[in-house]
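Below is one structure; the comments refer to it alone.
Chain A is the first sequence line, chain B the second, and so forth, proteins listed ahead of strands; every chain is numbered from 1. Just so it is clear, the values below take in all heavy atoms, side chains as well, and ignore hydrogens, waters and symmetry mates. Predicted, not measured: the structure shown is a model, and the values here were computed from it.
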2 protein chains.
Amino acid sequence: MKKSHPEALPLDDTLSPLSLKRVGIDTYRENVAYLHRECDLYRAEGFQALSKVEIRANGRRILASLNVVDDTSIVDCQQLGLSEDAYASLGTEEGHPVSVSQAEPPASIPALHRKLAGERLSRDDFRGIIRDIAELRYSKIELTAFVVACDRGELDREEVFYLSDAMVRVGRRLDWHEQPVVDKHCIGGIPGNRTSMLVVPIVAAHGLLCPKTSSRAITSPSGTADTMEVLADVDLPFDALGEIVRTHRGCLAWGGTSQLSPADDVLISVERPLSIDSPGQMVASILSKKVAAGSTHLLLDIPVGPHAKVRSMPEARQLRKLFEFVAGRMGLTLDVVITDGSQPVGRGIGPVLEARDVMQVLSNHSAAPMDLRQKALRLAGRMLEFDPDVRGGDGFGIARDILDSGRALEKMQAIIAAQGAKPFDPDAPPLAAHHFEVVAHEAGVVTGIDNLKLARIARLAGAPKAAGAGVDLLARIGDRVEAGQPLYRVHAAFRNELAFAHQSSERDSGFSIGQAAQITRLNVEF
Amino acid sequence: MKKSHPEALPLDDTLSPLSLKRVGIDTYRENVAYLHRECDLYRAEGFQALSKVEIRANGRRILASLNVVDDTSIVDCQQLGLSEDAYASLGTEEGHPVSVSQAEPPASIPALHRKLAGERLSRDDFRGIIRDIAELRYSKIELTAFVVACDRGELDREEVFYLSDAMVRVGRRLDWHEQPVVDKHCIGGIPGNRTSMLVVPIVAAHGLLCPKTSSRAITSPSGTADTMEVLADVDLPFDALGEIVRTHRGCLAWGGTSQLSPADDVLISVERPLSIDSPGQMVASILSKKVAAGSTHLLLDIPVGPHAKVRSMPEARQLRKLFEFVAGRMGLTLDVVITDGSQPVGRGIGPVLEARDVMQVLSNHSAAPMDLRQKALRLAGRMLEFDPDVRGGDGFGIARDILDSGRALEKMQAIIAAQGAKPFDPDAPPLAAHHFEVVAHEAGVVTGIDNLKLARIARLAGAPKAAGAGVDLLARIGDRVEAGQPLYRVHAAFRNELAFAHQSSERDSGFSIGQAAQITRLNVEF
């Protein structure tokens, strides 16, 4: 039976209005409104606990779910309480009169039902759904239903374009008034791998405009934003960052991404706990953010490996074609590189450890991890070739010159200073207090490193919440090790987190030791 | 990338224990725990707002999602607060020391991911998932993902049996130590249609054991429990109802159904807002409850009509076969009747109005709605034939004798008295104060009545929350009406609800008026 949706009930004008109260409860993204059980309005409209209500004041309105209160010290019968985020987003001071009514159901629910029934949706359907999602009109249940219904190839490539396009339209869109505007992105899944913090200063030093949008870690031990935050402030106001980009040709960890493609953050809040990462949603999420940020050219890194998001070359090529189709429809120039994702890139896994690696590479430090340097130079080289004046094939050499000459370091320092520098010495990084080492139980050659396992251990150790926590790799695939030789060191800020990471590494270190012949190398593009 | 699930962190024993506080906030089914932001435990374990925590006290434990508090008048740094339902289900008094840790992820999540990936699940997979769901270990997001993944024929009939069987196993199961134990069920969607309140007294008067499980309205204007509650108490303790059944051979509106197939109520909390009602889930929901209640024989009513849940005979036959297959695997004797669902059954829609119809039929009142009487007699007749001593074909006559002789009324009064009678006079039912009539705009014949539309108007008018609210039908399909003649009367307890039902009926009355020839009658089994 089709459900009969409740509609907004007109407020009964015989009822006295309620006055707004800020309730000191942090419910994070979930707006909660507190209404006393004895309140006339509650009794008249007969709301139920958890029913969705619309709150209006000063011509502004928010949606919230209702908690019914029996304790007048929280709210009394003349008050409407709001949780902290809800209070902030309504943006009205305490004591102000507020009106409350049952929330209208989102207008796009019929389209959601059609998708649930397996239908192909139109461009307008996707616009309606994404608008409602961006305005936080969907409940967690409705959001999840949409995400699951779009999962597993339920979207054809035309629908993926409609979805991406709709996500751009509901948000703020930047225009840098020049061409090209370049960016890079990795689909993720490889611990360490902080190439952006090397690529951005290199291409910016060359003069290309690179307003890098970066996010914090979602399921990983550190995102570019988390690592950059060790060196500089990343939560800068939207316009301040715009100014930095115009002055220095680049920035790191764009703070305003929530205004770019706002629906993306809402969808991620559901995709993450389900670890749903379908190709269609990945493409829409990445491309919508880049287009909204005003990028005209994008270099996409797809790592392939036994423990990477993409596990085979055919799978990688299929994903690449979907990215190419949608980017084409959105007028974005796309260059895809498929890279070796068989092990972490760089030594450190966790904000401080990764910042150390990055600064060592930028300063041409003798201890700098070469794999990170090489990968960053290759990606930067490909990006430099977005510059019409750079000859095909010359990019890598130019990138290396910029790095070796110290101009990349100089540019990075300028960006750090502009974003608000924090003191950091790569030779004495502020690592978390507690640590332990994981050693090889037998002699042999490292034949494999499980990315997921090491990322997991780093997270259990407290990364990224504890910036100094994480995993420091002491051996890599192909290295010969003796029994008892340390493979990696784990740092943690709290005893219980240390103990927890330790238990996990005891169960499985994530390292395979055997004979060199057992190493399987993927034949990737470079 | 597979998500790295957080695991339960051992409580850091250097931390002082928290003391339990009851917080006067009703969050309904959603357990919420309140922890102060400055609390050592919060800082040490670094919980996030909304993260799922496990709370232990007195050897009992509950799961809750965390709200972070900044106001010591709600909880201070030495307290852990619980919302009212959470406090009740932990069942420990205030001030008692409690321990809090990050909740373990449900063990069945990998099976959920396999279902999301489109795999067929095993019997053990379903048992694991349903156990976690019954223990409230699934988040709304995980629940919705399971429901959506099982929707749209994603379950084969064997899986539907596994699901139904698992749902029975996690709950309490009754054994009446006799045979047959009969029950009836309608898949719903038809307003009014309160046949159970007639069928149960008839078959119980005949001597068959009929422990009727009934629910409250989910999306309808009234469920059997809501209507029965007008006449008697329905929220009786489990064992008291068992005693009533043994004494009187029947009861109405079994109060303990939440202990029977507990996972069902949890799944419904997600299926309802999405109006997902896939055949597999419907079959599992209905059959698991009946088997758990100890029924050995079930009569199932599948109404078919243009505005019913099932809209064509082929669809009805397909659903019937699925019910028959699963019932067979569960050892339940099933008899399916396909009935006319083209319009409401009886006159009243809403608890009081339906109670009036039922009592008029039982007392052979001259104004009793004949359609309700006829349908009830036919269903009761089919049920009586579950009695090995009743000849095939004799059921209807026996049922009619029981009703006409007043023995059905007598039995109903005994059941009402046993459940705790409330005063009720069918000639003066306690209807809601406000009302208006909807009239025919033109002369003609009623050619159609939209079940959904009338159910909707009754709900907007306040049913079932306001027992006296609802719709009273004054005309039926086939009736000739004059312009201005009333088609139905709407009753509401509150002005705003009256206004809202009025707007809705103005947009569309739900009645079609035309020529007799336009009436389309479904050729159903009786």
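Taking chain A as the reference chain and counting heavy-atom pairs below 4.5 Å, the highest number among B:Ile25, B:Ile74, B:Val75 is found for B:Ile25. Looking only at heavy-atom pairs under 4.5 Å with chain A, the residue among B:Thr144, B:Val270, B:Leu143 that has the most is B:Thr144.
Heavy atoms of A:Val23 lying under 4.5 Å from chain B belong exclusively to its side chain.
Between A:Glu142 and B:Lys140 no salt bridge is recorded (no basic side-chain N to carboxylate O distance below 4.0 Å).
When side chains are defined from C-beta on, B:Leu116 counts as touching A:Val148, because their heavy atoms get closer than 4.5 Å.
Atom CG of A:Leu35 sits about 11.5 Å away from atom CG of B:Asp26, to the nearest 0.5 Å.
Here the closest heavy-atom approach between residue A:Ile141 and residue B:Ser269 is recorded as CD1-O, 4.0 Å.
Side chain of B:His113 to backbone of A:Leu274: a donor-acceptor contact under 3.5 angstrom is found.
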